[in-house]
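Everything below concerns the one structure shown next.
The model shown is predicted, which means the values in this text are computed figures rather than measured ones. Chain naming here is simple, since letters A, B, ... match the order of the sequence lines and numbering starts at 1 in each.
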Amino acid sequence: MKIATYNINGINARLEQLVAWLKDTRPDVVCLQELKVPELRFPAITLEKAGYGAVWQCDKAYNGVAILARGGEPHLIRRRLPGEPADTQSRYIEAAVKGVVVASLYLPNGNPRPGPAFDYKQRWFARLLKHARDLLKADVPVVLAGDYNVVPSDDVRDIYSPKSWAKDALVQPEPRASYRRLLEQGWTDTLATVGPKTPSYTFWTYWRERYERDAGLRIDHILTSPQLKPRLKKAGVDREVRAHAHGSDHAPVWLTLKK
DNA sequence: ATGTCGGCAAAATGCCGA
């Protein structure tokens, strides 16, 4: 079983690429973020023709998350992260797929910092920590996949140059501490655990040929609950997808499970 | 400080969010 996550940065701007990538790599489950599409323009029919059922949660222009399942329909569990009813941004969707609870999440970016955007990021992270704990209590296999907008460390495996990002919300101690607390709850950072030993960047800005220079960051993560530990096989990044002339600024991340 | 995108509002360029 193969599970992937991909911040697509506008699903209709990349639809051909998305379909080609699905055909090439045949993931069983796909978590998408930054759909940037109103609900009624979500390309459900195109995805259906490509062999994928979907559930999605959209805003008018920004955010937006989806879960795709090959040869079936994801069973929707929730469309919102609990804890802040006034928060209407579409950043979380959760579904049962092929015996696993899967969440596609898009953590707030948090820039500019300091300010309300950064505060919102921290509140959102606190809500995620609480919900993640509840999911662990349910004692079922769970995958939390998405764009966490957090570079876990200053290690070269996570970021090409900590110095040039030092003031950015993606590398601050507070979100890093929240991410670490998630791992301390018992979740596994699968790319760090069963991924390549070489840098596994997942995001390169569009600026100044950052991709060509491999000036990247690791901010897209697939976390798994303890039940899945014995089934973890291999993780990686489809980095060549980022090389497309009109590609997203992220690359897909994937995980394979035994069975 | 900057770089570059996607998508919006509103009328093609400027803004926002990333």
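When the P atom of B:dG7 is taken as reference, atom CG of A:Asn9 falls 8 Å away, rounded to whole Å. Note: CD (A:Glu212) to P (B:dT4) measures 12 Å, nearest angstrom. Atom-to-atom, CD of A:Glu209 to P of B:dT4 comes out at 9 Å; the value is rounded to the nearest Å. The interatomic distance linking A:Asp249 (CG) with B:dG6 (P) rounds to 9 Å, in whole Å. Summarising the geometry, the separation between OH on A:Tyr120 and P on B:dG17 is reported as 12 Å, rounded to the nearest angstrom. Atom CD in A:Gln33 sits roughly 16 Å away from atom C1' in B:dG17 (whole-Å rounding). What separates CG of A:Leu217 from P of B:dA18 is a distance of 16 Å, to the nearest Å. Rounded to whole angstrom, the span from the CG atom of A:Asp147 across to the P atom of B:dG17 amounts to 17 Å.
In this structure, A:Ala245 and A:His250 both approach DNA chain B, and ranking their closest nucleotides by distance from the 5' end singles out A:Ala245.
A:Trp165 meets the side-chain hydrogen bond (donor to acceptor under 3.5 Å, both in side chains) test with A:Tyr160; sequence neighbours excluded. A:Arg176 meets the salt bridge (Lys or Arg N to Asp or Glu O under 4.0 Å) test with A:Asp154; sequence neighbours excluded. With sequence neighbours excluded, the residues that form a side-chain hydrogen bond (donor to acceptor under 3.5 Å, both in side chains) with A:Trp187 are A:Gln185.
Listed by first and then second residue, the ring pair (Phe, Tyr, Trp, His ring centres under 6.0 Å) pairs involving residues 57-77 of chain A amount to none (not counting sequence neighbours). Residues in residues 221-259 of chain A take part in these ring pair (Phe, Tyr, Trp, His ring centres under 6.0 Å) pairs, two or more places apart or across chains: A:Tyr148-A:His221, A:Tyr179-A:His221, A:Phe203-A:His250. Applying the side chain to side chain donor-acceptor pair (under 3.5 Å) test to every pair with at least one member in residues 127-146 of chain A, sequence neighbours left out, gives these pairs: A:Asp87-A:Arg127, A:Tyr92-A:His131, A:Glu94-A:His131, A:Asp134-A:Lys137, A:Asp139-A:Gln227.
Counting only heavy atoms from C-beta on, A:Trp207 has its side chain closest to B:dG3 among B:dG3, B:dG7, B:dC5. Of all nucleotides listed (B:dG3, B:dT4, B:dG7), B:dG3 comes nearest to the side chain of A:Arg210. For A:Tyr206, the side-chain atoms get nearest to B:dC5 when compared with the rest of B:dG7, B:dA18, B:dC5.
A salt bridge links A:Asp189 to A:Arg218: at least one charged side-chain nitrogen sits closer than 4.0 Å to a carboxylate oxygen. Between A:Arg239 and A:Asp214, at least one side-chain nitrogen of the basic residue sits less than 4.0 Å from a carboxylate oxygen of the acidic one, meeting the salt-bridge criterion.
Side-chain atoms of A:Tyr62 come within donor-acceptor range of the base of B:dC16, with a qualifying N/O pair under 3.5 Å.
Taking Ile, Leu, Val, Met, Phe, Trp and Tyr as hydrophobic and joining them when side-chain heavy atoms fall under 4.5 Å apart, one finds A:Ile45 isolated, its cluster having no other members. Counting Ile, Leu, Val, Met, Phe, Trp and Tyr side chains that sit under 4.5 Å apart, directly or through other members, A:Val30 shares a hydrophobic cluster with A:Tyr6, A:Ile8, A:Ile11, A:Leu15, A:Leu18, A:Trp21, A:Leu22, A:Leu32, A:Leu35, A:Val37, A:Phe42, A:Leu47, A:Tyr52, A:Trp56, A:Leu68, A:Val241. Other residues sharing the hydrophobic cluster of A:Val102, ordered by chain and number and joined by side-chain separations under 4.5 Å: A:Met1, A:Ile3, A:Val29, A:Val55, A:Val65, A:Ile67, A:Leu76, A:Ile93, A:Val97, A:Val100, A:Tyr106, A:Val143, A:Leu191, A:Val194, A:Ile222, A:Leu228, A:Leu232, A:Val237, A:Val253, A:Leu255, A:Leu257.
Between the P atoms of B:dA10 and B:dG17, the separation comes to 16 Å (whole Å). Only the P atoms considered, B:dT2 is 25 Å distant from B:dG7, to the nearest whole Å. Straight-line distance between the P atoms of B:dC15 and B:dA11: roughly 14 Å, to the nearest whole Å. Atom P of B:dT13 sits at a distance of 29 Å from the matching atom of B:dA1, rounded to the whole Å.
Expressed to the nearest 0.5 Å, how far CG of A:Asn109 lies from CD of A:Glu34 amounts to 8.5 Å.
Less than 4.0 Å separates DNA chain B from at least one heavy atom of each of the following residues of residues 104-112 of chain A: A:Tyr106, A:Asn109. Within residues 34-49 of chain A, the residues that have a heavy atom under 4.0 Å from DNA chain B are, in order of number, A:Glu34, A:Lys36.
A:Asn7 and A:Gln33 get closest at one heavy-atom pair: N-OE1, 3.4 Å.
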Heteroatom pairs (N/O) under 3.5 angstrom, protein to nucleotides 9-14 of chain B:
{"from": "B:dA9", "atom 1": "OP1", "to": "A:Lys60", "atom 2": "NZ", "distance (Å)": "2.4"}

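At the heavy-atom level, A:Arg213 lies nowhere under 4.0 Å from the strands shown.
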